[in-house]
Amino acid sequence: MARVYNFSAGPSMLPEPVLKKAADQMLDYEGSGQSVCEMSHRSPVYDKIIRDAQALLREVMNIPDNYKVLFLQGGASSQFTMVPMNLMTKNGKADYVASGQFSSKAYQEAKRYGDVKLIATSKDDSFSHIPELDPKEFRPDADYFHICMNNTIYGTKWHTLPDTGDVPLVADISSCILSEPIDVTKFGLLYAGAQKNVAPAGLTIVIVREDLIGHEMEITPTMFNYKTMADNDSMYNTPPCFPIYMCKLVLEWIRDEVGGLEKMKERNERKAKLLYDFLDQSKLFKPTAKKEDRSIMNVCFVTGDKELDAKFVKAAEEAGFVNIKGHRSVGGMRASIYNAMPEEGIVKLVAFMDRFEKENA
Ligand SMILES: *Cc1c(COP(=O)(O)O)cnc(C)c1O
């Protein structure tokens with residue numbers, strides 16, 4: 001069996017020990033005689049899985065008791081709607097920063113539901129940096145302030161959070177969740193699609209401060225109401241059973257094999273440094289994100305020549321480094337190096353890029 005190094009932005013690699021454990025348990029989960037794919041979500045054996053997953057997420061992310069953890073479906077994109085429907089209800093106002101494509105979509109969607117202000121955007125600079133903010137533009141009576149913490153397509157990240165005072169900060173953390181510790185108390189709400197760092201696609205995680213639940217707009221569909229899901233422990237209807245189970249295995253891997261999020265961060269920073277150090281000295285490949293705003297999860301680069309980019313992507317694919325092509329809207333290359341990408345994969349990629357550079361000088 002030959003496994004490739006998969007640099008996909010999502011769905012993406014999962015840790016090999018997790019995949020092996022899931023394979024071992026595929027036909028008979030812990031003596032139940034069934035696969036987790038087959039079992040009733042109301043059965044005691046599944047109830048333990050979802051409870052354990054939630055408890056583990058609380059432990060690994062150090063989530064305070066006054067926050068609810070919700071396991072939903074619909075992807076991060078559904079949160080672009082759920083956040084305003086549930087939170088933009090006291091003054092009907094919210095502030096947004098557009099630092100990439102997903103946060104722009106979140107802003108566009110929120111506009112359907114209230115008075116939404118675009119505080120800043122880096123669109124004119126092709127989103128290659130996190131926009132500077134003028135706190136005078138922030139509205140003190142906004143119901144929340146929305147950012148996307150790690151911009152998956154452009155490879156940038158907020159390294160310092162905006163100070164929004166009493167206005168709850170809401171963040172899309174789809175592509176950086178579990179990559180490093182995060183101080184949950186600084187946020188009113190965090191959300192993430194699972195398919196980048198947590199589990200197979202199908203699970204969406206929401207971490208929301210309790211006082212923000214229960215103020216939804218009257219038109220809010222039952223399934224889009226955080227209260228419905230909070231009151232029913234994410235089991236109002238059938239939850240994404242298998243991804244939740246995989247999430248539990250990934251969290252066990254982070255806690256027991258990696259040693260927690262501080263260790264995860266060290267690993268991820270070391271991995272990203274290998275790649276950025278190479279890019280910074282390369283005469284062929286150029287990193288595209290502003291240095292101070294670089295992501296440690298998505299590393300974007302170009303040669304400056306579209307044909308050469310295509311040649312590189314093809315050669316990389318043939319050498320077992322797959323999905324390294326940049327997002328269709330920006331081109332170039334993007335190496336997504338989430339938690340599950342082993343350091344060895346990056347060492348080998350760098351050696352491959354070095355060879356490619358010499359051959360194409
Ligand atoms: C992938 C991604 C999304 C979209 O997630 P879906 O689960 O496909 O809806 C949104 N935001 C960010 C930051 C992402 O990386």
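Just so you know, ligand 1 is whichever comes first in the structure, and atom 1 is the first atom listed for that ligand.
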- Looking at atom 9 (O) of ligand 1, what's its closest protein heavy atom, distance included? Ser77 OG, 2.6 Å
- Tyr107 vs Tyr96 aromatic rings, parallel, tilted or perpendicular, using cut-offs 30° and 60°? tilted
- Task: Would you tell me whether Asn150 and Ser295 have side-chain atoms, one donor and one acceptor, within less than 3.5 Å of each other?
- Result: yes
- Just jot down the ligand 1 atoms closer than 4.0 angstrom to any heavy atom of Asp172, in number order. 10 (C), 11 (N), 12 (C), 13 (C)
- Message: At less than 4.0 angstrom from any non-hydrogen atom of Gln195, what atoms of ligand 1 do you find?
- Response: 5 (O), 6 (P), 7 (O), 8 (O)
- Shortest reach to atom 2 (C) of ligand 1 by a heavy atom, considering only Lys196, Met149, Lys105: Lys196
- Note on the structure: Taking every heavy atom of Gly92 against every heavy atom of Asp143, the minimum-distance pair comes out as N-OD2, 2.9 Å
- Of all the atoms in ligand 1, which lie at a distance below 4.0 Å from a heavy atom belonging to Cys148? 13 (C)
- Is Asp125 salt-bridged to Lys290, cutoff N-O under 4.0 Å? no
- Item | Short N-O contact, Lys325 and Glu317, less than 4.0 angstrom | no
- Of all the non-hydrogen atoms in the protein, which one sits nearest to atom 5 (O) of ligand 1, and at what distance? Ala76 CB, 3.5 Å
- Item | Side-chain donor/acceptor of Asn232 to backbone N/O of Ser234, under 3.5 Å | no
- Message: Measuring from non-hydrogen atoms of Gly10 to any atom of ligand 1, is the shortest distance under 4.0 Å?
- Response: no
- Note on the structure: Note: ligand 1 atoms sitting under 4.0 Å from heavy atoms of Gly75 are 7 (O), 9 (O)
- Sub-3.5 Å N/O-N/O distance, Gly74 and ligand 1: no
- Message: Please identify which of these residues, Arg267, Lys271, Lys273, Arg270, meets the salt bridge (charged side-chain N to carboxylate O under 4.0 Å, His left out) condition with Glu343.
- Response: Arg270
- Task: Do me a favour and list the nearest non-hydrogen protein atom to atom 4 (C) of ligand 1 with residue, atom name and distance?
- Result: Phe102 CE2, 3.5 Å
- Task: Scan Glu292, Glu180, Glu269 and name whichever one has a salt bridge (charged side-chain N to carboxylate O under 4.0 Å, His left out) with Lys157.
- Result: Glu180
- Residue Thr152 vicinity, atoms of ligand 1 by number, heavy atom under 4.0 Å: 12 (C), 13 (C), 14 (C), 15 (O)
